[in-house]
**Student:** 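For reference, the structure I am asking about is given below.
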Amino acid sequence: PAPVNVEQMAATAIGALPFADGAFDLVTSRNESYLPREVKRVLTDDGRFITQQVAGEATDFYRLLGWPVPKVQVAWMRAFATAQLEAAGFVIEEAAEGDEEKHFADIGALAWYLEHVPFVLPDFSIAAARAELLRIAASDEPIIVRQPLFWLKARKRTT
């Protein structure tokens, strides 16, 4: 896979796509890293790229557990993705961002989600979060968290 977008170096070869130049009219990416120059390379001259991504850090999950929110040097947000794609030779045609609200029926559903979607809380484990999970389970409050999302539709610039 490609390195995380905010950590990519311009010369990285990791994440190269195993397809011929100009092989596709459309490339999509959902919640996955991508190399913008590689996406551009495999697109036809009038090709489009559409991506939907979870943005930034999962701050609501950290707050719910009572954990400190990690500091990041560069946040994975729509503005960053836009600049990265434009620098690689794309024109942004459409874009939007917003928050998705997740409702968990119980603590088991939350724990399952955090165990199986590791990009949300990379250091999460049920054993390490046992006390926090028991505290949340004992509460009468609904388990609701927000996750920021964005999407972009870009066209390969040919001039």
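When reading the values below, keep in mind they use all heavy atoms of this one structure, side chains included, and skip hydrogens, waters and symmetry mates. For the single chain, residues carry numbers from 1 onward in sequence order.
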**Student:** Quick check: does any side chain N or O of T51 sit under 3.5 Å from a backbone N or O of S29, one acting as donor and the other as acceptor?
**Tutor:** yes

**Student:** So, K156 side chain and K40 main chain: donor-acceptor pair closer than 3.5 Å or not?
**Tutor:**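 Judged by distance alone, yes, a pair lies under 3.5 Å.
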
**Student:** Over all heavy atoms of both residues, which pair between L133 and A111 is shortest? Give the atoms and the distance, please.
**Tutor:**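 It is CD1-CB, 4.3 Å.
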
**Student:** I need the L65 CG to L114 CG distance, nearest 0.5 Å.
**Tutor:**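 Those atoms lie 6.5 Å apart.
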
**Student:** Which atom pair, heavy atoms only, marks the closest approach of W67 to L121?
**Tutor:**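 So the two residues come closest at CZ3-CD1, 4.3 Å.
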
**Student:** In this structure, would V69 and V120 fall into the same cluster of hydrophobic residues linked by side-chain contacts under 4.5 Å?
**Tutor:** yes

**Student:** State, yes or no, whether a side-chain contact exists between L152 and E94 at a heavy-atom distance under 4.5 Å.
**Tutor:** no

**Student:** Of the non-hydrogen atoms in R78 and A96, which two are nearest, and what is the gap between them?
**Tutor:** NH1-CA, 3.4 Å

**Student:** Checking side-chain polar atoms at under 3.5 Å, does W151 have a donor or acceptor matched by the opposite partner on E97?
**Tutor:** no

**Student:** Flag yes if F80 and V91 sit in one hydrophobic cluster, no otherwise; membership is Ile, Leu, Val, Met, Phe, Trp, Tyr, and two members link when side-chain heavy atoms are under 4.5 Å apart.
**Tutor:**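 In one cluster: no.
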
**Student:** For Q147 and K102, indicate whether the former's side chain and the latter's backbone hold a donor-acceptor pair under 3.5 Å.
**Tutor:** no

**Student:** Can you tell me if CZ on R130 sees more than 12 non-hydrogen neighbours from other groups inside 6.0 Å?
**Tutor:** no

**Student:** Are L149 and I50 connected in the hydrophobic side-chain network, where two residues link if heavy atoms are under 4.5 Å apart?
**Tutor:** no

**Student:** Any chance you could lay out the ring-ring contact (aromatic ring centres under 6.0 Å, His included) test for F124 and F61, step after step, and finish with the verdict?
**Tutor:** CA-CA 10 Å; F124 178 83; F61 286 100; 9.3 Å; no

**Student:** Does a salt bridge link E93 with R48, judged by any charged N lying under 4.0 Å from a carboxylate O?
**Tutor:**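 Here E93 pairs with R48 in a salt bridge, since their nearest N and O are under 4.0 Å apart.
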
**Student:** Can you tell me how far the CG atom of L110 sits from the CD atom of E132, to the nearest 0.5 Å?
**Tutor:**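 L110 CG to E132 CD: 11.5 Å, rounded to 0.5 Å.
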
**Student:** Rounded to the nearest 0.5 Å, how far apart are CG of L43 and CZ of F90?
**Tutor:** 5.0 Å

**Student:** Do F19 and V39 sit in the same hydrophobic cluster, where Ile, Leu, Val, Met, Phe, Trp and Tyr count as joined when their side-chain heavy atoms come under 4.5 Å apart?
**Tutor:**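 Yes; tracing contacts between hydrophobic side chains, which count when under 4.5 Å, links both residues.
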
**Student:** Look up atom CG in L85 and atom CZ in R157, then write down how far apart they are to the nearest 0.5 Å.
**Tutor:** 10.5 Å

**Student:** Consider only side-chain heavy atoms of I, L, V, M, F, W and Y, link residues closer than 4.5 Å, and tell whether F24 and L26 are in one cluster.
**Tutor:** no

**Student:** Closest heavy-atom contact between E38 and L17?
**Tutor:**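 Heavy atoms of E38 and L17 come nearest at OE1-N, 2.7 Å.
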
**Student:** Which pair of non-hydrogen atoms, one from A20 and one from R41, has the smallest distance, and what is that distance?
**Tutor:**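 Heavy atoms of A20 and R41 come nearest at C-NH1, 3.7 Å.
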
**Student:** Specify the closest pair of heavy atoms between Y62 and P68, including all atoms of both residues, with the distance to one decimal.
**Tutor:** CD2-O, 3.4 Å

**Student:** Once you round to the nearest 0.5 Å, how far does CD1 of I92 lie from OG1 of T82?
**Tutor:**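 If we round to the nearest 0.5 Å, I92:CD1 and T82:OG1 are 4.5 Å apart.
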
**Student:** With rounding to the nearest 0.5 angstrom, report the CD to OH distance, Q53 to Y34.
**Tutor:** 5.5 Å

**Student:** Run the side-chain hydrogen bond (donor to acceptor under 3.5 Å, both in side chains) test against D99 and tell me which residues pass, sequence neighbours left out.
**Tutor:**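 Here the qualifying residues are R146.
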
**Student:** Start with the C-alpha gap between I136 and L64, add the side-chain angles, then the distance that decides, and say whether side chain to side chain contact (heavy atoms under 4.5 Å, CB included) holds.
**Tutor:** CA-CA 8 Å; I136 296 166; L64 179 65; 3.7 Å; yes

**Student:** Start with the C-alpha distance between W112 and F104, add both sets of side-chain angles, then the distance that settles ring-ring contact (aromatic ring centres under 6.0 Å, His included), and finish with yes or no.
**Tutor:** CA-CA 10 Å; W112 184 95; F104 295 93; 9.7 Å; no

**Student:** Just checking, any donor-acceptor pair under 3.5 angstrom between side chains of D25 and T44?
**Tutor:** yes

**Student:** Judged by atom type as modelled, is there a donor-acceptor pair below 3.5 Å linking the side chain of E115 to the main-chain atoms of I126?
**Tutor:** yes

